[in-house]
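Worth knowing before you read on, the calculation uses all heavy atoms, side chains too, and leaves out hydrogens, waters and symmetry mates. Quick caveat, the model's predicted, so the values are computed rather than measured. Each residue takes its place number in the sequence, starting with 1.
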Amino acid sequence: MHFRHLTVCLDMHGCPNRCRHCWLGHTPNGRMPTTALHDAAAAFRPFTDSLEIDYWYREPDFSEDYRELWNLTTALSDRKTPHFELVSVWRLVRDASYVDWLKERGVQAVQLTLFGGEVMTDRYTGRKGAYREILSAVDILLQNGIVPRIQTFVNRETLPELPHLVSIIRSMGLEARCTAVGKEFSFFLHQGSCDGANENNYDLWLTPADLAEIPPLLMQYTCRHFGTEDPTEIFGRTEAQWYSLLADSQDTENIVTDTPVFYIDHNYDVFPNITTPSPHWRLGNLYTDNAETILQRYTENSTPAQHIRASVPFCEIVRTCGNPTSQKLFCRGDYTDFLRNRFIYCHSEAVL
């Protein structure tokens, strides 16, 4: 086995939030020693000429030693991806030197998430004070020439909060302030993928009738962000339409690639970067299984979840788990993932 590029991400310190939309779900925070980074690099390096080791896959830079972790993973990696446009809001409002460090890493834009007003944003972020911290983060970023890009996960519960977001954008003068630092303000709405914690919001999923309630300014921003004038390309078709289109589909899905990404949780269990890490996807353990065994399970689709996705025709999945009358809106990939996950939850123990 040899991979063109292989990425291993360790959940070194967890996440300060418990977001209701999080596709990774809610798992306990742990504290992994830096030796785990060395051990992961040593274990997987023989199987690729291009290895990347990362210290997070939930909120980045959450831990006090984020600088040391960045430097260590850079040293352990054959290729280091530039810092993502995801940052720790928790740290940004508490560590005055963090924004300068981000600028040194070349960060020019940062994505932030609001769900409406203070009560709703705190509730969906899973942490009291999150709303005020996000607004403070917007100011800190703009004061330092970094443009905020705001996303909102919209469902039938957050939909009535959208006018509040229009008020925030206008009262904070975000269009003009972004222009002043030489960049365009960006905002977009989407539903997210219906997996992890967000699967619990299935009953709140938008329908075509709900789209008319989205403030025109926010829909305009959203269409500009996604490069389309057609909201259908953003919010998708109804579940009933997808059911009809896919009821005879023989499609299966083999997730194996020569550039895989693996997640290692605080228990050192290893998962592929596909939907929510769960027992159905567990490939093994960094310390109780060798890397060759873990990678062989991956390439052979040996876990219950991979086996089902690679072998069960989608027509069987949609007829078993789909709703032929539902008006909930999905993009195709999100819908097929949603149904495959439901099928896996119900059938994984019986498959192997």
Side-chain angles (χ1 to χ4, degrees), residues 9-19 21-22 24 29 31 34 37 52-77 79-118 121-122 124-153 165 168-188 221 225:
C9 307
L10 289 80
D11 190 24
M12 295 294 290
H13 295 279
C15 181
N17 309 315
R18 291 295 179 269
C19 296
H21 71 280
C22 184
L24 291 167
N29 289 344
R31 188 171 183 88
T34 55
L37 295 167
E52 180 167 4
I53 301 292
D54 286 309
Y55 56 92
W56 64 277
Y57 61 78
R58 289 194 279 172
E59 179 156 319
D61 312 328
F62 174 41
S63 62
E64 292 290 340
D65 57 346
Y66 66 94
R67 294 170 185 258
E68 291 79 9
L69 291 175
W70 175 271
N71 291 336
L72 176 56
T73 53
T74 299
L76 290 172
S77 300
R79 184 186 80 189
K80 185 68 172 176
T81 301
H83 198 290
F84 288 99
E85 295 180 352
L86 300 176
V87 306
S88 175
V89 171
W90 190 94
R91 178 151 303 285
L92 190 62
V93 300
R94 291 171 172 81
D95 180 349
S97 67
Y98 180 48
V99 69
D100 289 328
W101 183 83
L102 291 172
K103 289 165 66 176
E104 291 169 4
R105 307 278 82 74
V107 175
Q108 298 182 23
V110 165
Q111 186 160 290
L112 304 170
T113 304
L114 287 169
F115 298 91
E118 183 169 8
T121 295
D122 284 2
Y124 265 78
T125 306
R127 183 167 60 82
K128 189 172 178 59
Y131 172 82
R132 293 180 182 272
E133 291 181 4
I134 292 165
L135 296 191
S136 294
V138 169
D139 285 331
I140 293 169
L141 293 168
L142 284 169
Q143 289 163 10
N144 286 274
I146 299 175
V147 66
R149 180 176 60 244
I150 298 175
Q151 70 169 343
T152 293
F153 288 83
L165 295 176
I168 290 173
I169 291 167
R170 288 175 171 162
S171 65
M172 295 186 74
L174 296 184
E175 283 270 14
R177 292 172 71 186
C178 288
T179 299
V181 298
K183 295 160 188 171
E184 184 178 71
F185 171 65
S186 181
F187 172 97
F188 64 100
Y221 283 142
H225 174 81

TODO: Taking the six-membered ring for Trp and the full ring for Phe, Tyr or His, determine whether the centres of Y131 and F115 are under 6.0 Å apart.
DONE: no

- [ ] Please check if any side-chain donor atom of N29 sits under 3.5 Å from a side-chain acceptor atom of R58, or the reverse.
- [x] yes

Open item on the list: Please determine whether a side-chain nitrogen of the Lys or Arg among D95 and R67 lies less than 4.0 Å from a carboxylate oxygen of the Asp or Glu.
Closed with: no

- [ ] Measure across A109 and R149 and return the closest heavy-atom pair with its distance rounded to 0.1 Å.
- [x] CB-NH1, 4.2 Å

TODO: Find the distance between CG (D61) and CZ (R105) and round it off to the nearest 0.5 Å.
DONE: 10.0 Å

TODO: Taking the side chain as every heavy atom from C-beta outward, state whether P148 and V110 have any pair of such atoms under 4.5 Å apart.
DONE: no

Open item on the list: Between F62 and W56 (judged by ring centroids, cut-off 6.0 Å), do the two rings come close enough to count as a pair?
Closed with: no

Open item on the list: For the backbone of E52 and the side chain of R79, can you confirm whether one donor and one acceptor N or O come within less than 3.5 Å of each other?
Closed with: no

TODO: Looking only at non-hydrogen atoms, find the nearest pair between K103 and I146 and report the distance.
DONE: CG-CD1, 3.7 Å

TODO: May I ask you to check whether over 12 heavy atoms, not counting those of K128, lie within 6.0 Å of atom NZ?
DONE: no

Task: Ring centroid separation H83 to W70 under 6.0 Å - done: yes

Open item on the list: Nearest 0.5 angstrom please: F153 CZ to C22 SG, how far?
Closed with: 9.0 Å

TODO: Scan side-chain atoms only and decide if T113 and Q151 contain a donor-acceptor pair under the 3.5 Å cut-off.
DONE: yes

Open item on the list: Is there a salt bridge (Lys or Arg N to Asp or Glu O under 4.0 Å) between R177 and D139? Walk through the geometry before answering.
Closed with: CA-CA 10 Å; R177 292 172 71 186; D139 285 331; 2.9 Å; yes

TODO: For the residue pair I53 and L72, establish whether any side-chain heavy-atom pair is separated by less than 4.5 Å.
DONE: no

Open item on the list: For R91, is there an ion pair with E64 - N to carboxylate O distance below 4.0 angstrom?
Closed with: yes

Task: Over all atoms of both residues, closest heavy-atom pair of G116 and T121 - done: O-OG1, 3.2 Å

- [ ] Kindly assign one of parallel, tilted or perpendicular to the pair Y66 and W101, based on the angle between their ring planes and the thresholds 30° and 60°.
- [x] perpendicular

TODO: Could you give me the CA-CA distance, side-chain angles and deciding distance for T125 and V89, then say whether side-chain contact (heavy atoms from CB on, under 4.5 Å) is met?
DONE: CA-CA 11 Å; T125 306; V89 171; over 6 Å; no

TODO: Begin from the C-alpha positions of L174 and L142 and carry the test side-chain contact (heavy atoms from CB on, under 4.5 Å) through to its verdict.
DONE: CA-CA 9 Å; L174 296 184; L142 284 169; 4.0 Å; yes

Open item on the list: Taking the basic N atoms (NZ, or NE/NH1/NH2) and the acidic carboxylate oxygens, is any pair closer than 4.0 Å for R132 and D122?
Closed with: no

Open item on the list: Tell me the closest heavy-atom pair linking P60 and S88, and the distance in Å.
Closed with: O-CB, 3.0 Å

- [ ] Determine the minimum heavy-atom distance between L37 and D54, stating which atoms define it.
- [x] CD2-O, 4.0 Å

TODO: Taking all non-hydrogen atoms of both residues into account, name the closest pair between V93 and S136 and its distance.
DONE: CG1-CB, 4.0 Å

Task: Approximate separation, where rounding is to 0.5 Å, of C9 SG and Y57 OH - done: 9.0 Å

Task: Distance (rounded to the nearest 0.5 Å) between Y98 OH and W90 CH2 - done: 11.5 Å

TODO: Report yes if some heavy atom in the side chain of E59 is under 4.5 Å from a heavy atom in the side chain of N17; otherwise report no.
DONE: yes

Open item on the list: Would you say D11 and Y55 are linked by a side-chain donor-acceptor pair, where the criterion is simply a distance under 3.5 Å?
Closed with: no

Task: T152 side-chain N/O to L114 backbone N/O, donor-acceptor pair under 3.5 Å - done: yes

- [ ] Nearest 0.5 Å please: distance from the CG atom of L165 over to the CZ atom of R170.
- [x] 12.0 Å

Open item on the list: Any non-hydrogen side-chain atom of L102 less than 4.5 Å from a side-chain atom of N144?
Closed with: no

Task: Inter-residue atom distance L69.CG - H13.NE2, 0.5 Å rounding - done: 5.0 Å

Open item on the list: I'd like to know if the side chain of E184 pairs up with that of T179 as donor and acceptor (distance under 3.5 Å, no hydrogens or angles considered).
Closed with: no

Open item on the list: Does either side chain, that of E175 or that of Y221, offer a donor lying less than 3.5 Å from an acceptor on the other one?
Closed with: yes

